[in-house]
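First the structure, in the form of structure tokens, and then the observations on it.
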Amino acid sequence: MNKIFEVPMYPYQRSEDQDTGAPVRHPVIVIGAGPVGLAAAIDLAQQGIGVVVLDENDKVSFGSRAICFSKRSLEIADRLGFCDPLVDKGVQWNLGKVFFDDRKVYEFNLLPESGHAQPAFINLQQYYFEEYLVQRAKALQTAGAPIEIRGRNKVSAIGTHEDHVTLEIDTPEESYNLEADWLIACDGAGSPTRQMLGLDFVGRVFEDNFLIADVIMDADFPTERWFWFDPPFNKGQSALLHKQPDGVWRIDLQLGWDIDKEREKRPENVIPRLKEMLGEDVKFELEWVSIYTFQCRRMEKFRHGRVLFAGDAAHQVSPFGARGANSGLQDTDNLCWKLKLVLEGKAPESLLDSYDRERVHGADENILNSSRSTDFITPKSEMSRVLRDAVLDLSEHHAFARPLVNSGRLSLPCTYEGSALNSADALRGPQRTRPGSPCPDAPTPNGYLLPQLADRFTLLTIDAEAPDSFEEAGITVTRLNLSTKDDTTRTLRERYLGDETSAVYLIRPDQHVAARRPAFDENQFRAALRRAIGKETSA
């Protein structure tokens, strides 16, 4: 069994803050050293914003937990400087197969087009993801970036004020107090921060229970996502199989409603289920077992004064579709550039309200898709089951039925449709790059596009004239000049021009489109920038 769970990654060390007479104030404090909290801290620190991460633990998560990381998450990880080890270690996959009973009814490709630096998905245990995040944070700290992870620092009380947040922290030695200009709560689904502030979720909790088993075995299954409806080894239920690194396979088995969860997790009950699925002759070892229920819920608001919630602390979705950790990383991707501008005095505090609006929109989109997946996977009436099974039968021979099959619509990045930060679309360009959309990658003469659009406002020009830079509201916008003459694959044209002959895009620091026009108009793009930082109303 992997021993990474047992190794303290950020052991307790006494902080200088514990020896001061008055509470020390930090620009940002993050609660929680999971994937979302560490990503937020790294994002801020590498842009020069001081951040302290507090975690009651000192180790990575026990068990693989989140395992499917999407292309967008890898693109965010690349911007944060830790993507390469993820891709090197992870199991890459694009192909998924759907089975009904004992027959394959169809398969799908999640990345049918070329021209992207990152794969559609990798499978990687969460403990590895967290390990690489910790390594990146420590590398930044060694290089002088203002980041610190404090293990075994448990936040026991929070006080909110108009211009700061106070925290009481328990350690193995004693308690001490801190202050923060801003607090980011990334402390998981059970979020003590949320509870201390008297806040709660709204949404649905589904009755079905699912068994997760991480199994170490030598197997010749291909590197694909396999999903079964009503398989022979789990009649009337569903099952899922994923490959992970180190010979570990993730198996999800639907168990039904009225079960004894503790009993079902015992090896003497898990192993017979797995043998029925894998065959009596397959040798395997259990690494981790858990039971979960579907939950599709969120907080009503993600911003509460100077406290900002992200990841599972803000929203929960069922795991089919890989929307949990991936949506949490999109939260921090959206939040950190805005918080930086607010801290620097370049944007009003109201810009952070757009974090709430945009990511609540993202959470609602995930909850809608996850709820639909759950209703398809676990029909709530006999008529619903008959209809679902008919769709599965049709999908084996008829392509029109396949989009109706929902075995967990996999995570896609959110388009911030209708955001107040968007300018009106002035380009008859591709729908996929309309204002609010995440920029799709594309090859360019100087490498892939997305790394050239990171951490700043960029004016992307394609066969269009514009100044090399311009400054507005204290922010410098730099130009990235591209031409379709160099676009030998026509990828740039297809994704950013369509039928237009030229285009100018204003790209946000999180690589989302803020505005686009066929040519550079200085007044229009200055207004678009002010709008994108919350200083002008939407056009």
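The first residue of the sequence shown is numbered 1, and numbering continues consecutively from there.
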- Query: Any side-chain donor-acceptor pair under 3.5 Å between R432 and S437?
  - Reply: no

- Regarding Q254 and T378, is there a side-chain donor-to-acceptor distance under 3.5 Å anywhere? no

- Any chance the rings of F99 and F229 have centres within less than 6.0 Å? no

- Message: Check D510 with K338, please: is the shortest side-chain N to carboxylate O separation under 4.0 Å?
- Response: no

- Message: The criterion is salt bridge (Lys or Arg N to Asp or Glu O under 4.0 Å); which residues satisfy it with D353, sequence neighbours excluded?
- Response: R303

- Would you tell me whether K71 and S73 have side-chain atoms, one donor and one acceptor, within less than 3.5 Å of each other? no

- Query: Do side-chain atoms of E536 reach the backbone of A528 as a donor and acceptor pair under 3.5 angstrom?
  - Reply: no

- Message: Between R508 and E358 (salt bridge meaning N to carboxylate O under 4.0 Å), is one present in this structure?
- Response: yes

- Query: Is a side-chain donor-acceptor pair under 3.5 Å present for T332 with D43?
  - Reply: no

- Item | Under-4.0 Å salt bridge between R428 and D499 | no

- Item | Distance-only donor-acceptor check, side chains Y416 and R359, under 3.5 Å | yes

- Query: Do Q511 and R72 meet the criterion of a side-chain donor-acceptor pair at a distance under 3.5 Å?
  - Reply: yes

- Message: Do R493 and E500 have side chains that approach each other closer than 4.5 Å (heavy atoms only, starting at C-beta)?
- Response: no

- If you draw the axis of the six-membered ring of F108, does the NZ or CZ of R225 fall within 45° of it and under 6.0 Å from the ring centre? no

Listed pairs under 3.5 Å, donor-acceptor, residues 342-349 side chains, sequence neighbours left out:
unit_1: E344; atom_1: OE1; unit_2: K340; atom_2: NZ; d: 3.3
unit_1: E344; atom_1: OE2; unit_2: K340; atom_2: NZ; d: 3.0
unit_1: E349; atom_1: OE2; unit_2: R306; atom_2: NH2; d: 2.6

